[in-house]
*Asks:* 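Input: one structure, supplied below.
Just so you know, these numbers come straight off a predicted model, no measurement behind them.
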Amino acid sequence: MSEKMPTQHLRQLEEDDLVHRRVHAEVPLRVEYSLTEHGRALNTALGPLGEWGRDRIARERRAMVDHPDAPSMPRP
């Protein structure tokens with residue numbers, strides 16, 4: 001995947017007021033993204049989808065895999 005695609009997606013999320021982009025005046029340039037209040041509210045809306053996914057994993061007897069950059073997901 002090229003660097004262009006994630007950048008385009010992040011810019012779209014910024015336009016949709018889901019993420020905030022902060023540019024640090026450093027060399028090399030550093031950009032930091034964080035969720036806006038609107039973006040954090042999306043987590044609530046996606047909660048039922050996450051529950052559905054956990055139920056499906058349990059139903060299919062698959063192993064849950066944690067990602068080191070994400071908070072631990074609750075176990076069913």
*Asks:* Taking atom CD of Glu37 as the centre, report whether more than 12 heavy atoms of other residues, nucleotides or ligands fall under 6.0 Å from it.
*Replies:*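 No, CD of Glu37 has 12 or fewer neighbouring heavy atoms, counting only those of other groups under 6.0 Å.
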*Asks:* Of all heavy-atom pairs between Val19 and Leu10, which one has the smallest distance, and what is that distance?
*Replies:*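 Residues Val19 and Leu10, closest heavy atoms: CG2-O, 3.8 Å.
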*Asks:* Does Arg59 have more than 12 heavy atoms from other residues, nucleotides or ligands lying within 6.0 Å of its CZ?
*Replies:*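 Above 12, so yes.
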*Asks:* What residue among Met5, Arg11, Gln12 forms side-chain contact (heavy atoms from CB on, under 4.5 Å) with His9?
*Replies:*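 Answer to the side-chain contact (heavy atoms from CB on, under 4.5 Å) test with His9 among Met5, Arg11, Gln12: Met5.
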*Asks:* When rounded to the nearest 0.5 angstrom, what is the spacing between CZ in Arg54 and CG in Leu49?
*Replies:*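 One finds 9.5 Å between CZ of Arg54 and CG of Leu49.
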*Asks:* So, for Asp17 and His38, which heavy atoms are closest and what is the spacing to 0.1 Å?
*Replies:*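 Answer, listing the atom of Asp17 first, then His38: O-CB, 3.3 Å.
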*Asks:* Quick one: side chains of residues 25-35, donor-acceptor pairs under 3.5 Å with protein atoms, not counting sequence neighbours, listed by atom name and distance.
*Replies:*
from	atom 1	to	atom 2	distance (Å)
Glu26	OE1	Arg30	NE	3.2
Glu26	OE2	Arg30	NH2	3.2
Arg30	NH2	His24	ND1	3.3
Tyr33	OH	Arg21	NE	3.1

